[in-house]
Visitor: 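Sharing a structure here in structure tokens format.
Keep in mind it's a predicted model, so treat the numbers as computed, not measured. Values reported hereafter were calculated over all heavy atoms of this structure, with side chains retained and with hydrogens, waters and symmetry mates removed.
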Amino acid sequence: MALAARPALVIAIAKRHGFPLQFGGSQRFMAARTSTGMSDEPVPLIHFDGRHRGLVLILLLLFVFCLALRLHGFSLPQWHAQLDGSPANEVLLGHPREIRADDWAAALCTIFAQREHDPAFAVFNENIGLGADMIVSPIKTPVRHYVTLFRPHLWGYFFGRDLGLAWHWWFLILGLFYSYFLCFFLVSGGRFFVALSGALLIAYSPFFQFKSAEYAEITIFAALVFVALVHVLFTRSRRQRVAGALILAWSVAGLALNFYPPSQLALGYLLIFLSAGFLLRHRAELRARGQWRHRLICLACGLGLAAVVVGTFVAQGWPILQIINHTVFPGQRFVTGGDYPCWRVFANNFFLQFFIPENLPGTNITEYGSFFFFFPVLAAWAAYRMWSCRQVDWLVGSTLLFCCALMLFAVVGFPSWLSAVTLMSKVPPNRSMVALGVAKPADVVLLVIIGGWGVFLLIMARSVAENVKSLAFWELVLSAAALTILAYGLLQERFKEGSIFAIAVISIGATCWFNPLVRGGSVFLYRNSLAVRMRALSARDQKARWVTFGTMFYADYPRLLGLPALNGTHPYPQFALWSRFDPERRFVDQYNRYAHVWFTAVASDRITIDSPFLDQVRVSLPPTSPVLDEFRVRFFLVISPEDQFFDRLPQFSKIFSQGRVHIYQKR
């Protein structure tokens, strides 16, 4: 579930009985709790009343409508600017984001490469370097293999490129919304409006919108695991219990097989805390349910089936998984936290996306896309209510405990041994925010807490202004004031539902403009003059390979066209390839990683390899190197100003030129 510190979940949790995270001084809290702190109301399982059926119908109609028109939000039309400067007529609203190169220049190219491969959707794609196994690839692609059953966001690509883009985008956005609607419905005690607002907060959080819903499928599966687990344990219907077990099996396997350890581990811990709190809150009813034999059988069958699927996957992909596990990045990455300053955690509260230019040097605006965090003020109010009422709400307490632990890891850090034992050593603090974002509370005390929250925001605003030189402190004061008022509304019984909805509206307004609204757009990639010439050249010499010199952004373009290319994004290191470039293994630490690989031309005969960034590998070599001949490299995609180097070499002839993109062929 996305970051356990976001107001939506804690609010929803508290809405259950007007407790701390109900954020008001409701006396109903006292009446609704037993002396042990347990609810005396039934667990609010999912039921399809008129409103719920209407919501599902709207979501289905919206999904079908977007598929029919091939609408999506990926910045794929950025290729117009990169290739020929032609107008991107497929963009209906907004503009493509160059900063989303992880999508348009890497992930989508690799996905399309699967369609263009012969045979299509192959398990082993021979066009990526010397060939790459696509089942265990960190870049999830459609494959004719059972693993694709657990990657539903990719199913549309089997029916077309543009349909696949629309399916991919809206499955993630609507999937986030609906899965967290179900989750918030459970933890809020069946409050439809609270669940709706919380789901909007998740789907349109800057964290997901600014990253084009990257890894949202993991977050969706985490929510479905919780929903399925609750239904297996609490429903009285044997049929629903069996259905819940099947959904649990699919969700657990999906959570595992869409592997990205930083998100999986953080969300896994959130699931543990959230599930434990939910079961403790409702433990009296859990004991009274009966039919325990059938419940445990369903639970065991669901988890067992997931284990079989995951175990089969691991056994089949074990050799490649071992290679990935021993890479410098990400396999051997070891972090102890503590390198994520407090101001960065709360930076999104100040709407930095409106103040920081997208092209500000040294700034990646997508990294400022996080969540609106209220958990410090909510935790303070929850602690006060628990102390004053002498009652413990286990669900609220466990969720806030998780928030505090994750915040401690991010800002202060864990000892090395604790990071290793908990596996948090695999979770960079900036990637752990996805788990902190979906976990969402006398009046003198209330004013003190709100006042403290306002002061805290001003301190954070000062830190933000000091670290982002293009900002002035006064620009952030209004944001701090607005968040202080909203926090007050969250803690007041009569204002809390409206405040939740207001935060959801603010989140939508702060993110809906970021991604473009695009209709299709893949046709241009294959019909522009560069693509036509490249495919014609490869048709004459089908065994010849391509390489790209000049920049990593173009290195994946040949594989997008279904052409074999030596460089581009390598999902894991291909040592058979690197052994020819580096027979003495001098640079093994530079290329032993998941990386975007590109070449740059040098006059020296000496080949050098470096890693300018964690996921980048730059190979500096002469274009005449015999190593390239060994791999049957005949065609060179050269990006200016590298063409000036090639023009001086008599062994090469320029056969195409368009803007800053050139094709050279070795004589």
Side-chain angles (χ1 to χ4, degrees), residues 2-3 5-8 10-11 23 197-198 200-211 340-358 360 363-381 403 407 410-411 430 433 436-441 446-492 495-496 498-514:
L3 274 228
R6 166 178 200 103
V10 174
I11 292 172
F23 315 115
S197 298
L200 286 172
L201 271 170
I202 297 298
Y204 280 89
S205 64
F207 183 89
F208 288 113
Q209 291 295 321
F210 288 8
K211 297 180 186 298
Y340 202 66
C342 192
W343 69 268
R344 282 298 302 271
V345 175
F346 295 94
N348 194 79
N349 288 37
F350 302 101
F351 310 103
L352 297 191
Q353 61 271 24
F354 294 117
F355 300 110
I356 301 178
E358 181 183 349
L360 184 68
T363 299
N364 184 345
I365 189 61
T366 64
E367 292 300 326
Y368 287 94
S370 185
F371 299 89
F372 296 106
F373 288 129
F374 287 85
F375 67 90
V377 67
L378 301 180
W381 183 244
C403 294
M407 182 70 177
V411 176
N430 64 318
M433 293 297 101
L436 191 58
V438 285
K440 308 268 173 197
L446 173 62
L447 292 177
V448 170
I449 291 174
I450 293 299
W453 172 243
V455 172
F456 173 79
L457 287 176
L458 291 176
I459 294 172
M460 291 298 101
R462 175 65 66 183
S463 296
V464 170
E466 290 174 354
N467 286 276
V468 183
K469 302 304 181 183
S470 64
L471 292 176
F473 171 71
W474 63 267
E475 293 180 285
L476 306 179
V477 172
L478 184 60
S479 299
L483 271 293
T484 302
I485 294 172
L486 285 171
Y488 177 80
L490 291 176
L491 303 185
Q492 284 292 306
F495 298 136
K496 60 178 175 282
S499 297
I500 299 170
F501 182 71
I503 297 171
V505 171
I506 291 172
S507 189
I508 294 172
T511 60
C512 66
W513 54 272
F514 186 80

Visitor: As an exercise, state the distance from OH of Y488 to CG of L486, rounded to the nearest 0.5 Å.
Guide: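 Rounded to the nearest 0.5 Å, the OH-CG separation comes out at 13.0 Å.
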Visitor: Quick one: CG on L458 to OG on S479, what's the gap to the nearest 0.5 Å?
Guide: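 Going from CG on L458 over to OG on S479, the span is 11.0 Å.
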Visitor: Under a 4.5 Å cut-off applied to non-hydrogen side-chain atoms, are M460 and C342 in contact?
Guide: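 They are in side-chain contact.
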Visitor: Provide the closest heavy-atom pair for T484 versus A480 in the form atom of the first, atom of the second, distance.
Guide: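 Distance-wise, the nearest heavy atoms are OG1-O, 2.8 Å.
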Visitor: If we ignore hydrogens and angles and just use 3.5 Å, is the side chain of S507 paired with the main-chain N or O of I503 as donor and acceptor?
Guide: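 No: the side chain of S507 does not pair with the backbone of I503.
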Visitor: Got a sec, which residues hit ring pair (Phe, Tyr, Trp, His ring centres under 6.0 Å) with F495, two or more places apart in sequence or on another chain?
Guide: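 Checked F495 against ring pair (Phe, Tyr, Trp, His ring centres under 6.0 Å); zero matches.
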Visitor: What's the spacing between W513 CH2 and I508 CD1 if we round to 0.5 Å?
Guide: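 W513 atom CH2 to I508 atom CD1 measures 15.0 Å (nearest 0.5 Å).
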Visitor: Has E466 got a side-chain atom pairing as donor or acceptor with F473's backbone, closer than 3.5 angstrom?
Guide: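 A pair under 3.5 Å: no.
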Visitor: Around F456, counting heavy atoms of other residues, nucleotides and ligands shown, do more than 12 lie under 6.0 Å from its CZ?
Guide: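 Yes - once you tally the heavy atoms of other residues, nucleotides and ligands closer than 6.0 Å, there are more than 12.
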Visitor: Shortest non-hydrogen contact from F514 to Q209?
Guide: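 What the structure gives for the nearest pair is CD2-O, 3.8 Å.
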Visitor: Tell me whether S197 contacts the main-chain N or O of A504 through its side chain, where contact means a donor paired with an acceptor under 3.5 Å.
Guide: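 No: the side chain of S197 does not pair with the backbone of A504.
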